[in-house]
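Here is the structure we will look at.
Letters A, B, ... mirror the listed sequences (proteins, then strands); counts begin at 1. Owing to the predicted nature of the structure, the values given are computational and were not obtained by experimental measurement.
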Amino acid sequence: MESVVVWFRKGLRLHDNPALIKAIEHANAKSIPLAPLFVIDPRFAHSSFVGGNRYHFLLESLSDLDRNLKNKYQSKLIVLKGNPVQVFSDMFQSNHPFKVVKVFLESDTEPYALKRDSEIQKLAESFFVEIESFCSHTIFNPIQTIEENGGKPPLTYKSFEGLVYSKLRKIKALPSPDPSHFPSLPVISVSHEIPTLEEMGYSDSDVNFSRALHGGETIALETMEEYLKDHKKVVSFEKPQTSPAEWLPASTTCLSPYLKFGCLSPRLFAVRLLEIEKANPKHSKPPVSLIGQLLWREFFYTVAFGTPNYDSMELNPICRKFSWVSDDEELISKWELAQTGYPWIDALMTQLKTEGWMHHLGRHSVACFLTRGDLYCSWEKGAKVFDRLLLDADWSLNISNWLWLSASAFFHQYFRVYSPIAFPKKYDPSGKLVRKFLPQLSKFPDKFIYEPWKAPLKIQKECGCIIGKDYPLPIVDHALVSKQNISKHKLAYDNSDAPPSKKAKK
DNA sequence: TATTGGTTGCGGAA
DNA sequence: TTCCGCAACCAATA
């Protein structure tokens, strides 16, 4: 018997999922089974690419999807292991139990996915299998936005907003599938269960099981609804006013990992926000409002899709070139392992490692510190660390923000440097986040919490932590190196004969 | 070609 | 509390 496949990649949800809805319609029209499929590519299950927390979050999201398919739809998630091109090549063979006639999926704009999908597209054509894709990872289709902007991606948030703003009020989310009309499963003879962490090569020590954020559509929707209950908080949200020092509860929604894996539809979130804004005419506005945050995501997805070699300083045409330090391994390692001697930076990097999450402005602090602020290390290296450790690691957004923070693109006022001391003091003079993530410093008085090396030895002894022994001395003198680095950036700006974007036009 | 505005810096002066 | 220097940045718009 023939069957239809809906291939989940991102978009790990049943709500507002056009590929799923269309797959169901197609299977029902032909009276054939539907296989909800996920393909695990073992290539990525490696702790040097994807950290244990992030992989665990993925497995949790798959389990939730499987559970909901079983409980509500008498179906299940079929998980196959292998290189996706090989898996589909096998699946298209006429002797395969699925006898796939059509594949439905959500389009993915990342370079890796584009290459993979074009290979599978070619393969499908040779087997006369049709693939239909839908844009649902973002609210607006980057292809269309770039077209409407004359073939180039917009390079400022404002111009992006201008392109999509009138369309925003008209968006609608799709309902979840109707349980009484859900197609049956095809007969499967091969192993198709969700693997365990151990099977994928992770050990328990790679994962913090007691971290706060856990995967799945069910938790995603609950988290969103819980957040949206407080209308006043929702309509007065202004990102720069939220604190990077707050954790449990965080000062922001913490929905980013769910948006990354598609456990939550950005369109549904936007629709719910617009409803609440409509009922509360005095609300904050983009770019700082919650809708504004979603539009930043859309903007960065659009630029990332429309710019070649986006993740490379050398080859990305909108990226300014800097002479980052070349012997950077020890510096990057100290940064990643929370050994910089700056409590604010080390606390945030510890939060990243253990929780897989950091407030946006915390990310600014540590990214600025690694690049143009203090260590002058390449943003490409920092981006790789974030990509491995963040639950919400999202290629387009991660690269965009590193370009921004290093003043390589989008942001150019390179003399605005975050201080690892003054910046946190503004939000949290008592050092809550430092005390939480760096317990060895927890007894230091507020006065010294962001610069413990300045505490007299007597106080260090009383606090049970000798700086230089129990906690490192600062690896650089921020006041000094930040000034030197501003000069380096100024030289690089002066010496480039034209801005990167103008060079690209030549 | 000039003008405008830019999610989110800091430290010191008034 | 607000403004200024840092040093004159960029992309989009008119």
Are any protein N/O atoms closer than 3.5 Å to N/O atoms in nucleotides 10-14 of chain B? If there are, list each pair with its distance.
residue, atom, partner, partner atom, Å
B:dC10, OP1, A:S419, N, 3.2
B:dC10, OP1, A:F423, N, 3.1
B:dC10, OP2, A:K426, NZ, 2.9

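Out of B:dT7, C:dC10, C:dT13, the shortest distance to the side chain of A:H360 is found at B:dT7. The side chain of A:V288 lies closest to B:dT7 when the candidates are B:dT8, B:dT7, C:dA8. Relative to the side chain of A:R416, the nucleotides B:dG9, C:dT13, B:dT7 differ in distance, and B:dG9 lies closest.
Ring pair A:H489/A:W324: centre-to-centre distance below 6.0 Å. Residues A:F305 and A:Y301 keep their aromatic ring centres 6.0 Å or farther apart. The aromatic ring centres of A:F300 and A:F410 sit less than 6.0 Å apart.
Base pairing in DNA chain B yields stems of at least 3 consecutive Watson-Crick or G-U pairs, both distances under 3.5 Å, namely B:1-6 with C:9-14, B:9-14 with C:1-6.
With a 6.0 Å cutoff to the six-membered ring centre and a 45° limit on the axis angle, A:K425 does not count as a cation-pi contact of A:Y450.
Atom P of nucleotide C:dA11 and atom CZ of A:F299 are separated by 11 Å, given to the nearest angstrom. Between the CZ atom of A:F410 and the P atom of B:dG6 there is a distance of 17 Å, given to the nearest Å. A straight line from CZ of A:R372 to C1' of C:dC6 spans 13 Å, rounded to a whole angstrom. Separating the CD atom of A:Q413 from the C1' atom of C:dC4 is a distance of 15 Å, rounded to the nearest angstrom. Rounded to whole Å, the distance from CD on A:E148 to P on C:dA12 is 16 Å. One interatomic measurement links the two molecules: CD1 of A:I486 to P of C:dC6, which rounds to 12 Å at whole-angstrom precision. Spacing between atom CG of A:L405 and atom P of B:dT8 amounts to 12 Å, rounded to whole angstrom units. In this structure, the CZ atom of A:F415 is 11 Å from the P atom of C:dC10, given to the nearest Å.
Distances shown here put every side-chain N or O of A:K490 at or beyond 4.0 Å from the OP1 or OP2 atom of C:dC9. For C:dC10, the OP1/OP2 oxygens have a side-chain nitrogen or oxygen of A:R320 closer than 4.0 Å.
The residues A:R9 and A:D108 are annotated as not salt-bridged, no charged nitrogen and carboxylate oxygen being separated by less than 4.0 angstrom.
Remark: the separation of the P atoms in B:dG12 and C:dA7 is 16 Å, to the nearest Å. Spacing between B:dT3 and C:dA8 at atom C1', rounded to whole Å, works out to 15 Å.
A:Q241 comes within 4.0 angstrom of nothing in the nucleic acid, heavy atoms only.
In this structure, A:W296 counts as stacked on the base of B:dT7 under the 5.5 Å centre distance and 30° plane angle limits.
A:S400 and A:N398 form no side-chain donor-acceptor contact under 3.5 Å, judged by distance and modelled atom types alone.
Between A:L352 and the options A:L389, A:N53, A:V366, a side chain to side chain contact (heavy atoms under 4.5 Å, CB included) holds for only A:L389.
Between A:F57 and A:Y258, the ring planes are tilted. Angles from 30° to 60° get that label. The aromatic rings of A:W335 and A:F386 lie parallel to each other, with less than 30° between the two planes, well short of the 60° mark. Between A:W404 and A:F411, the angle of the ring planes stays under 30°, which puts this pair in the parallel group of the 30/60° scheme.
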